[in-house]
Amino acid sequence: MTRFWSSRERPLSAVPGWIAWLLALALATQAGSQLAQRARAPSAADLPNAPPALALRLAELGEPAALARLAMIWLQAFDSSGDNAVPYRQLDYTRLVAWLRAILTTDPRSEYPLFAASRIYAEHADPVKARLMLDFIAAEFAADPNRRWPAMAHAALLAKHRLKDLPLARRYAAAIQQLATDDSIPLWAKQMEVFILEDMNELEAAKVMLGGLLAAGRIRDPEEQRFLQGRLQELELRLKAGQQAPNR
């Protein structure tokens, strides 16, 4: 399971109490303006506006990772608090994205905001809200591809299987292939675009891309090389069969 902080960081229990108090005060101030509206009727606006990222960074006082974790815990617990009647699926996603972006800006090394974005909030039945979250993931992925590729890979899968939007899925997969360069990134993530091209029946493009991966010499594992060679041969056979098929 993905870890959101390293063993070198202090546990949440070691965070000074005044930092937690300061965050609670800031969040209470943000939420205060919504209390009258919430008393009238629960709505998707129950989630208060996100504080400016600069405000969070000023509040961190040398503890950005701790403050970001506290903010994420508060955000995820928001819809389950006793006085909130709006589940996250009804939240204002524009505000939700703003919260996630502000938290990620506070601690850019944290994987927690993008994990929640891809594994929880992006899996929304409303395609408009899902796309808002996927757009957020794609925008933030580009800032640190080698660390943030898991969220982007999941975004590509959601675009393909949930939204049935193959061009969007291909765009996300292409970004991984082009920007994520660390050798530790698994092959399946780097070749997602090939599979999506096959689903789009863009066999020639898939063949060219797969051949390029092999020719670049970046695939060093013999088993992976054999697997990709086999896929390349399958594509060539499918293309040949298509060219030989009689026109009707």
Side-chain angles (χ1 to χ4, degrees), residues 1-5 44 47 50 53 68-69 71-73 75-76 78-79 87-202 205-206 209-210 213 218:
M1 182 176 181
T2 303
R3 298 183 62 184
F4 302 125
W5 55 85
L47 182 65
R69 289 199 297 275
M72 278 301 305
I73 290 170
L75 184 61
Q76 287 195 275
F78 180 83
D79 56 55
Y88 80 86
R89 290 180 180 274
Q90 298 178 35
L91 292 175
D92 183 324
Y93 260 46
T94 300
R95 293 184 179 187
L96 182 58
V97 166
W99 271 101
L100 292 170
R101 181 171 286 116
I103 294 169
L104 192 57
T105 300
T106 302
D107 182 16
R109 293 182 61 80
S110 175
E111 298 173 22
Y112 200 167
L114 287 176
F115 179 89
S118 62
R119 297 286 180 164
I120 300 173
Y121 301 123
E123 296 193 0
H124 199 296
D126 182 346
V128 175
K129 289 187 173 183
R131 286 177 187 274
L132 277 174
M133 200 58 61
L134 293 181
D135 288 345
F136 161 71
I137 294 168
E140 298 301 331
F141 161 78
D144 193 353
N146 288 331
R147 287 177 56 86
R148 298 176 178 176
W149 69 265
M152 191 61 161
H154 196 68
L157 293 175
L158 289 175
K160 175 183 174 181
H161 296 291
R162 182 67 62 84
L163 297 180
K164 310 298 183 184
D165 189 338
L166 288 177
L168 181 63
R170 181 192 174 184
R171 190 164 79 239
Y172 290 165
I176 297 173
Q177 197 275 328
Q178 294 165 10
L179 300 179
T181 58
D182 195 286
D183 289 340
S184 65
I185 298 172
L187 180 63
W188 66 262
K190 294 182 179 180
Q191 64 175 343
M192 286 180 73
E193 187 180 5
V194 174
F195 300 142
I196 294 171
L197 284 169
E198 290 187 57
D199 292 334
M200 297 173 71
N201 206 32
E202 297 284 350
M209 176 165 294
L210 193 50
L213 280 173
R218 293 169 61 185

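- A donor-acceptor pair is defined here as one N or O able to donate and one able to accept, closer than 3.5 Å; such a pair exists between the side chain of Tyr93 and the backbone of Tyr121.
- His161 NE2 to Leu166 CG: the interatomic distance, rounded to the nearest 0.5 Å, is 9.0 Å.
- Of all heavy-atom pairs between Ala175 and Met152, the closest is CB-CE, 3.8 Å.
- Note that the CD atom of Glu193 and the CE atom of Met200 stand 9.5 Å from one another [nearest 0.5 Å].
- The side chain to side chain contact (heavy atoms under 4.5 Å, CB included) search around Asn146 returns Ala180, Thr181, Asp182, Ile185, not counting sequence neighbours.
- Qualifying side chain to side chain contact (heavy atoms under 4.5 Å, CB included) partners for Ala206, counting only residues two or more places apart in sequence or in other chains: Val194, Leu197, Glu198, Leu235.
- To the nearest 0.5 angstrom, Arg162 atom CZ is 10.5 Å from His124 atom NE2.
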In sequence, state the C-alpha distance, the side-chain angles, and the governing distance for Gln177 and Met192, and then conclude on side-chain contact (heavy atoms from CB on, under 4.5 Å).
CA-CA 8 Å; Gln177 197 275 328; Met192 286 180 73; over 6 Å; no
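- In terms of heavy-atom proximity, Pro113 sits nearest to Ile103 at CG-CG2, 3.9 Å.
- Scored by the side chain to side chain contact (heavy atoms under 4.5 Å, CB included) test, Pro127 finds Leu163 as partners (sequence neighbours excluded).
- Here the shortest heavy-atom pairing between Asp165 and Leu168 reads OD1-N, 3.1 Å.
- In this structure, CD1 in Ile196 is found 11.5 Å from OH in Tyr172, a value given to the nearest 0.5 Å.
- Under the side-chain hydrogen bond (donor to acceptor under 3.5 Å, both in side chains) criterion, Arg148 pairs with no residue at all, not counting sequence neighbours.
- A donor-acceptor pair under 3.5 Å is absent between the side-chain atoms of Arg101 and the main chain of Phe136, judged by distance alone.
- Looking at Ile120 and Gln76, their side chains come closer than 4.5 Å, going by heavy atoms from C-beta outward.
- Contact record, Ala156 with Ala169: O-CB, 3.5 Å, taken as the closest heavy-atom pair.
- Shortest non-hydrogen contact noted between Asp126 and Val128 is OD1-N, 2.9 Å.
- Shortest non-hydrogen contact noted between Ala155 and Ile137 is CB-CG2, 4.2 Å.
- Under the side-chain hydrogen bond (donor to acceptor under 3.5 Å, both in side chains) criterion, Asp199 pairs with Lys160, not counting sequence neighbours.
- Between atom CD1 of residue Ile73 and atom OH of residue Tyr112 there is a gap of 5.5 Å, rounded to the nearest 0.5 Å.
- From Met72, atom CE reaches atom CG of Leu104 across 9.5 Å, with rounding to the nearest 0.5 Å.
- By the 4.5 Å heavy-atom criterion applied to side chains, Trp149 and Pro186 are counted as neighbours.
- The shortest side-chain heavy-atom distance between Met133 and Leu100 falls under the 4.5 Å cut-off.
- Applying the side chain to side chain contact (heavy atoms under 4.5 Å, CB included) test to Gln178 and every residue at least two apart in sequence or in another chain returns Ala174.
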